Amino acid sequence: MQVILIVIPAISLIFAAFGGQMGEMTSAVLAKSGEAVELVISLCGVICLWSGVMRVAQRAGILEKLARILSPIVSFLFKGVKKGGKAAGLITMNIAANILGLGNASTPLGIAAMKAIAEEDASFKGDIAADDMIMLAVLNTASLQIVPTTAAALRAANGAEKPFNILPCVWIVSVYSVVLVVAATKVMCFIQSKRSNRKI
């Protein structure tokens, strides 16, 4: 990542120098830097508001109730963890936190869930991720969200009159993406297990 962050600006500088557009590039950098600061400040208010709302939901016990609803799904997706065990509980809480948009809460839960999977999943060998670890990473990457706070905040900062009118589309696309990546993960893990059994 550090290499990319160095290479891209360097290439831009080279092309600007050879194209005789160093002045335009300098002006654009200064102008966009100011706009970036304004955007960040405008996002802070909306994100703080919804983070507070979600924190209230968490303390009201909504997160725990959602976790209980999701427990059968977790048992189906994560075959290597004990039903009702520590890993299953952490995974369920992590998914529930992501659905509610509680990013700050979901991250430590996800890390703890990974450690619990390493302890419970017999297929984890120490140097290669277990299938349940891969599934958890996939679900965190393509997480469902009831309230896409960041996207709505970006729309509001750019002048959208109804920043949350994207909700139906976000729900449809996120459900589609989660179903697709979960199915793909299951298929790839199945193929890998077959190959491993053949080698044995």
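For this chain, numbers begin at 1 and follow the sequence in order. Quantities reported herein were computed from a predicted structural model and do not represent experimental measurements.
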| Counting distance only, does the side-chain N/O of Glu120 pair as donor-acceptor with the main-chain N or O of Ala87 below 3.5 Å? | yes

| said: Looking at every heavy atom in both Pro72 and Ile69, which two are closest together, and how far apart are they? | reply: CD-O, 3.2 Å

| Partner residues of Ala130 under the side chain to side chain contact (heavy atoms under 4.5 Å, CB included) criterion, sequence neighbours left out | Asp121, Ser123, Phe124, Met133

| Straight-line distance of Ile6 CD1 to Ile11 CD1, nearest 0.5 Å | 12.0 Å

| query | How many angstroms lie between CH2 in Trp171 and CD1 in Ile166, if you round to the nearest 0.5 Å? | reply | 10.5 Å

| field | side chain to side chain contact (heavy atoms under 4.5 Å, CB included) partner of Leu77, the single match among Val74, Val81, Ile73 | value | Ile73

| Tyr176: hydrophobic cluster co-members (side-chain, 4.5 Å) | Leu180

| query | Backbone N or O of Leu136 within a donor-acceptor pair of the Asn140 side chain at under 3.5 Å? | reply | yes

| request: May I ask whether Val7 and Phe15 are part of the same hydrophobic cluster, defined by side-chain heavy atoms of I, L, V, M, F, W, Y residues being less than 4.5 angstrom apart, directly or through others? | output: yes

| said: I'd like to check the side chain to side chain contact (heavy atoms under 4.5 Å, CB included) partners of Ser71; sequence neighbours left out, ordered by chain and number. | reply: none

| query | Ile117 versus Ile91: any side-chain heavy-atom pair under 4.5 Å? | reply | yes

| task | Give, for atom SG of Cys189 and atom CG of Asp132, the distance between the pair rounded to the nearest 0.5 Å. | result | 8.5 Å

| By side chain to side chain contact (heavy atoms under 4.5 Å, CB included), which residues pair with Lys79, not counting sequence neighbours? | Phe76, Lys186

| query | Heavy atoms, side chains only, cut-off 4.5 Å: are Phe78 and Leu139 in contact? | reply | yes

| task | Please report the closest heavy-atom contact between Leu90 and Ala116, naming both atoms and the distance. | result | CD1-CB, 4.0 Å

| task | Applying side chain to side chain contact (heavy atoms under 4.5 Å, CB included), name anything that partners Val179, two or more places apart in sequence or on another chain. | result | Val175

| message | Test side chain to side chain contact (heavy atoms under 4.5 Å, CB included) on Arg155 and Asn165; report intermediate values, then the result. | response | CA-CA 10 Å; Arg155 284 171 50 81; Asn165 66 357; 2.7 Å; yes

| task | Check side chain to side chain donor-acceptor pair (under 3.5 Å) between Asp131 and all other residues, then give those that pass, not counting sequence neighbours. | result | none

